[in-house]
Amino acid sequence: RVFGSFTLSAATTTVVTQPGVTSASSIVFPFPANGTAALILRTNGLFQSAATAGVSFSLSTQSGSATSGGVFNYVVINPA
């Protein structure tokens, strides 16, 4: 299993270093770990915008608003 946590940067996109991502087709499931993160999900939306095998994944806000302070836990599902 691949899992961890991150804090959103003060930008529209946050890159999370995670060498356990094995493919551009890997799926990231972020879960809010504080109230700020829950508010960001509700008001700005958050989606996986990229995944780079062996390096990282990126999450972006749907609204295009820069957000920060949201702490998230995540699980990565890698294709078989």
Side-chain angles (χ1 to χ4, degrees):
R1 286 185 272 187
V2 179
F3 56 90
S5 64
F6 64 91
T7 301
L8 289 179
S9 59
T12 58
T13 299
T14 296
V15 178
V16 179
T17 300
Q18 177 46 266
V21 172
T22 63
S23 165
S25 299
S26 296
I27 301 169
V28 177
F29 293 96
F31 302 95
N34 67 4
T36 300
L39 180 63
I40 288 167
L41 279 180
R42 186 169 47 98
T43 59
N44 293 303
L46 195 64
F47 67 96
Q48 179 181 337
S49 53
T52 304
V55 179
S56 64
F57 62 86
S58 299
L59 297 167
S60 299
T61 59
Q62 177 191 14
S63 67
S65 298
T67 58
S68 65
V71 178
F72 290 84
N73 296 316
Y74 66 87
V75 175
V76 177
I77 305 298
N78 289 307

TODO: Give the minimum heavy-atom separation between T7 and T14, together with the two atoms involved.
DONE: O-CG2, 4.1 Å
- [ ] Output yes when a side-chain donor or acceptor of N73 lies under 3.5 Å from a complementary backbone atom of A33, and no otherwise.
- [x] no
- [ ] Report yes or no: do S49 and S58 form a side-chain donor-acceptor pair below 3.5 Å?
- [x] no
TODO: Side-chain contact test, heavy atoms from C-beta onward, threshold under 4.5 Å: evaluate it for S26 versus P79 and give yes or no.
DONE: yes
Task: Cluster check V15, F57: I/L/V/M/F/W/Y, side chain < 4.5 angstrom - done: no
Task: Minimum heavy-atom distance between T13 and S60, given as atom pair plus value - done: OG1-OG, 2.8 Å
TODO: Kindly give the heavy-atom pair with the smallest separation between A38 and P32, and that separation in Å.
DONE: N-CB, 3.6 Å
Task: For T61, side-chain contact (heavy atoms from CB on, under 4.5 Å) partners two or more places apart - done: T12, N44, L46, S63, T67
- [ ] First locate atom CD1 of I77, then atom CZ of R1, and finally report the distance between them rounded to the nearest 0.5 Å.
- [x] 9.5 Å
TODO: Could I get the full list of side-chain contact (heavy atoms from CB on, under 4.5 Å) partners for A66, not counting sequence neighbours?
DONE: none
Open item on the list: Quick check: do Q18 and Y74 have side-chain heavy atoms less than 4.5 Å from each other?
Closed with: yes
TODO: Name all pairs fulfilling the ring-ring contact (aromatic ring centres under 6.0 Å, His included) condition that reach into residues 31-55, sequence neighbours left out, sorted by first residue then second.
DONE: none
Open item on the list: As an exercise, state the distance from CG of L8 to CG of L59, rounded to the nearest 0.5 Å.
Closed with: 7.5 Å
Task: Beyond-backbone contact of V16 with F72, side-chain heavy atoms, under 4.5 angstrom - done: no
Task: Interatomic spacing from CD in Q62 to CD1 in I40 - rounded to 0.5 Å - done: 14.0 Å
